[in-house]
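Notes for the one structure printed next.
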Amino acid sequence: MTTEVDEKLAKMSLSDEEINNNPLLQKLLSLSIPHSTYPHPASTTSDELQANAPLPSDSNESHTKNLFFKDKKHGMFLVTIAPENDVNTKELGKLLKLEGKVNLRLADEAVLVDKLGCKKGCVGPMAIMMNADKDVTLVLDESLLKKSKIHSHPLRNDASTSLTPEDLLKFLKEAAGVEPTILSFSPKDEAPLAGKVPSSRPPGDKSETKPQIPPKSKDDAATSSSSKSNQNKKQTKKGETQLALKWAKSENFAMWYSDVIVLSEMISYYDISGCYILRPWSYKIWELIQDWFNVQIKKLGVENSYFPMFVSKDRLEKEKDHVEGFAPEVAWVTHSGDGELAAPIAVRPTSETIMYPAFADWIRSHRDLPLKLNQWSNVVRWEFKDPTPFLRTREFLWQEGHTAHASHEDADKMVMEALDLYRRVYEELLAIPVIPGYKTEKEKFAGGHRTTTVEAYIPVSGRAIQGATSHDLGQNFGKMFDINYQDEKGETQIAWQTSWGLTTRTIGVMVMVHGDDTGLVLPPRVAPLQAVIIPIVSKTCPLENLSDYCEDILKNLEEKGIRSKLDDRSIYNPGWKYAHWEQKGVPIRIEVGPRDLEKKQARLVVRFGGEKIDVDVSSIADTISTKLEEIQSNMFTKAKEFRDSHLVKVTDWKDFVPNLELHNLVLTPWCGGEHTDWEEWVKEKSREESLQNAGLEGEDARAATSVAAKTLCIPFTQPELEEGMKCIASGLEAKCWVLWGRSY
């Protein structure tokens, strides 16, 4: 590492919010243990870490490689070694003096999250503090203790914390009550030396397992090598379901969110940072949104199509403002097999430059207009900020509509119709209130004429999030791509265009708005299952006694169009099933026991609010259908009331930042969306005051979120603007109200 890089890293720091939300960093501060924490590009393996945050070659400092092993008989082990060393699991078992059959294997990520409170690639030795059950043994490489500094992840893979070996051991003892096992490790294929093992280890399950071949490769955190082991469910103990979330929503929002989406089986992590697997539970939600949206756009004359995902460099760079807006996020294909391509090819960040050459070929006359196309596709935007599933990912799914029109009035109508569909997706399907409005010049779509948006509010974090956008592109792209037509008078005209998009971000917003400390709470209209039937079986009432009764209920529900399931799995008891389906957010649970069979009834338990009612089985389908609509309405009302309680008007700058600190969205008088200079002033001034209030000098430029305020939109629905009212920033005469907030 050069001196220049050293100085650059020394100046980088995490924001106050990031430190406050990190239990390890908070504990280090409370114990007054000297340490240094610095950000770097996300690194999930030790090789990536050494490349992204190289240490001085002449220093005696080291990063760490961390492996999380599980043995059914002997328990769990967090092994922290120097990056150049390796772990031979057979030899490790001998050094740890594990008796009998030993089958150390990398644990799956669900166990990692459950036991150490962090995701794949975020593990370090200090994570042992998160092991509340004290059932994980920490093993340290002896060579690390000979270093002047040890660098490791503090529960996140875009930062590292450095401590002296003495201070690390002090932290382990005082914060976690742990005395690590110290062993000597060697580079691959070299025999390890003996080390010292503590007199006792956490007790393990005494059942034995058949030997298995260890995985071929090991990352810094455990990953599953088979779909069977990657169930993303917390490990069970005898007599307990252990399905409860590790984090409360109000105490650690980021970790709660990660808990929810993993344990409810919506997401699995992938070995490329920023890319995620959408499991069937989340993908079904996306399909339900698709189904509804397809019906609505076809009413507007929009047809579905599909265009290639690759775009040539010449096409992408044809519209200067457009490409400049996306340039930092474009992923390029440069090689094919062993050879280099003649020219690099971009993976689509959006499809304007892919679709519009075809528009130019197809549109010749006014009779060819309007042309209205939509495609459902994936998009790649190589985000360098901290990725978050659904919200900020390097690949995401979306729909993108693109239309061409003979007049600006017709195009503007299309923009508003598309935006209203987005409003309805959020409010009618996801039960999330949104604020529609215009983006300012600073925030509008690159290369477009005007951008409209719907903005949502996230409780607890107090941040806004852009829900979806619809763009009036004017004639800019028409000029660039020669999208011309002959009008009725035979004169050549340039087409007016629109583009509009909605992404899988919708799912993440829904989770954050409605989820609770039990897990998901799904609005009925997008719930993959709206009702689940659970037979209450026992020794005196086996499943055979209830089976026909439950099947009849299921049939009635399905005939009514209610998405339903009978959970008649015999390997799980009713209590486990209750917890499982509550965590997955199913709106209604139907309990059927022997008394219900006798009385010809069933008990309904509502996920939202917990209401319990006994209903006559003859009318159960109608009752549930009505109840689902009631739940949908109540969820929207609750979210709107909470959002409205955090929507305030401010006319004096002194009240601006204090209201941001209260997690409010702020409406202020404004001199106009074209004043980008004063918009930038508010952003920087609010950042400065927020940091000053927190006692910080600066924030990490790579952070995914900022303490600074930004304009969200100029709302369509405007409060009355009193005569003579001044802009909160410039002091110029106000022309409108603008909505501000801290944003994702």
Side-chain angles (χ1 to χ4, degrees), residues 257 260-267 276-298 374 376 389-391 393 396-399 418 420-434 454 456-459 465-468 501-516 518-532 557-558 560-565 580-590 606-609 624-640 642-643:
Y257 177 72
V260 170
I261 60 176
V262 170
L263 297 176
S264 64
E265 300 177 328
M266 297 186 83
I267 283 286
Y276 306 92
I277 300 167
L278 300 191
R279 300 185 67 181
W281 196 248
S282 60
Y283 197 82
K284 178 61 177 178
I285 295 172
W286 184 237
E287 285 183 321
L288 290 167
I289 293 172
Q290 282 182 302
D291 293 344
W292 182 90
F293 198 80
N294 274 327
V295 170
Q296 303 306 318
I297 60 174
K298 287 173 183 177
N374 177 68
W376 297 93
F390 297 119
L391 303 188
T393 60
F396 57 86
L397 303 180
W398 76 344
Q399 65 72 215
D420 194 56
L421 290 183
Y422 296 151
R423 178 194 64 79
R424 292 178 63 192
V425 167
Y426 276 96
E427 297 192 345
E428 296 180 16
L429 300 187
L430 302 174
I432 298 170
V434 291
V454 289
Y457 174 77
I458 306 301
I465 190 165
Q466 180 178 285
L502 179 82
T503 79
T504 40
R505 169 178 283 195
T506 50
I507 300 174
V509 177
M510 177 200 68
V511 172
M512 293 195 295
V513 170
H514 297 305
D516 62 18
T518 300
L520 295 177
V521 181
L522 295 179
R525 291 177 188 168
V526 292
L529 289 175
Q530 296 170 314
V532 61
L557 298 182
E558 290 176 338
K560 191 72 175 179
I562 298 169
R563 296 185 292 277
S564 312
K565 177 184 178 67
H580 175 70
W581 294 112
E582 282 180 1
Q583 191 170 80
K584 291 174 78 71
V586 175
I588 294 178
R589 180 173 79 237
I590 305 170
V606 178
R607 177 67 178 88
F608 176 74
I624 289 178
S625 182
T626 301
K627 181 61 68 174
L628 290 172
E629 287 303 307
E630 180 185 313
I631 295 168
Q632 185 82 27
S633 176
N634 290 344
M635 289 182 70
F636 177 79
T637 298
K638 179 183 177 181
K640 187 175 186 301
F642 192 88
R643 191 278 313 272

Exercise. Which is it for Val513 and Ile458 under the side-chain contact (heavy atoms from CB on, under 4.5 Å) test, yes or no, and what are the steps along the way?
Worked result: CA-CA 6 Å; Val513 170; Ile458 306 301; 3.9 Å; yes
Problem set entry | salt bridge (charged side-chain N to carboxylate O under 4.0 Å, His left out): pairs with one or both residues in residues 280-295, sequence neighbours excluded |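 For residues 280-295, and leaving out neighbouring residues, there are no salt bridge (charged side-chain N to carboxylate O under 4.0 Å, His left out) pairs at all.
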Problem set entry | Summary of salt bridge (charged side-chain N to carboxylate O under 4.0 Å, His left out) pairs that have at least one residue in residues 420-431, sequence neighbours excluded |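 Every salt bridge (charged side-chain N to carboxylate O under 4.0 Å, His left out) pair that includes a residue of residues 420-431, provided the two are not neighbours, is Asp420-Arg423, Arg423-Glu427, Arg424-Glu428.
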For this session: Please test Ile590 against Ile624 for side-chain contact (heavy atoms from CB on, under 4.5 Å), starting from the C-alpha separation and ending with a verdict.
Result: CA-CA 10 Å; Ile590 305 170; Ile624 289 178; 3.5 Å; yes
Exercise. Quick one: are the ring centres of Tyr426 and Phe636 less than 6.0 Å apart?
Worked result: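 No: the rings miss the under 6.0 Å criterion.
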What closest approach, in Å, do [X] and [Y] show between heavy atoms, and which atom pair accounts for it?
X      : Y      : answer
Met635 : Pro524 : SD-CD, 4.3 Å
Ala639 : Ala431 : CB-O, 3.9 Å
Leu430 : Gln632 : N-NE2, 4.3 Å
Trp281 : Met266 : CD1-CG, 4.0 Å
Gly501 : Trp398 : CA-CE3, 4.4 Å
Leu529 : Trp581 : CD1-CZ3, 3.8 Å

Pairwise side-chain contact, [X] with [Y], heavy-atom cut-off 4.5 Å (strictly under):
X      : Y      : value
Val526 : Trp292 : no
Trp286 : Leu278 : no
Ile285 : Leu522 : yes

Return the [atom1] to [atom2] distance between [X] and [Y], rounded to the nearest 0.5 Å.
X      : Y      : atom1 : atom2 : value
Thr506 : Ile289 : OG1   : CD1   : 3.5 Å
Ile267 : Tyr257 : CD1   : OH    : 7.0 Å
Gln530 : Arg607 : CD    : CZ    : 16.0 Å
Met510 : Leu520 : CE    : CG    : 6.0 Å
Gln583 : Leu263 : CD    : CG    : 5.0 Å
Ser625 : Glu630 : OG    : CD    : 12.0 Å

For [Y], does its backbone N or O pair with a side-chain atom of [X] as donor and acceptor, under 3.5 Å?
X      : Y      : answer
Asn294 : Ile297 : no
Lys584 : Ser264 : yes
Arg563 : Ala527 : yes
Thr637 : Ser633 : yes
Ser564 : Ile562 : yes

Exercise. Yes or no on side-chain contact (heavy atoms from CB on, under 4.5 Å) for Glu582 and Arg589, after CA distance, side-chain angles and deciding distance?
Worked result: CA-CA 8 Å; Glu582 282 180 1; Arg589 180 173 79 237; 2.8 Å; yes
Sequence-distant partners of [X], side-chain hydrogen bond (donor to acceptor under 3.5 Å, both in side chains), two or more places apart:
X      : result
Lys298 : none
Lys638 : none
Arg643 : none

Problem set entry | Set of ring pair (Phe, Tyr, Trp, His ring centres under 6.0 Å) partners for Phe390, sequence neighbours left out | none
For this session: Indicate yes or no: does Glu629 engage Arg525 in a salt bridge with an N to O separation below 4.0 Å.
Result: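 Judged by the 4.0 Å cut-off on N to carboxylate O distance, Glu629 and Arg525 do form a salt bridge.
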Exercise. Given the rule in the side-chain contact (heavy atoms from CB on, under 4.5 Å) test, do Thr504 and Thr393 qualify, once you have shown the distances and angles that lead to the verdict?
Worked result: CA-CA 10 Å; Thr504 40; Thr393 60; 5.8 Å; no
For this session: Would you please test Phe293 and Tyr422 for ring-ring contact (aromatic ring centres under 6.0 Å, His included) and show each step?
Result: CA-CA 9 Å; Phe293 198 80; Tyr422 296 151; 5.8 Å; yes
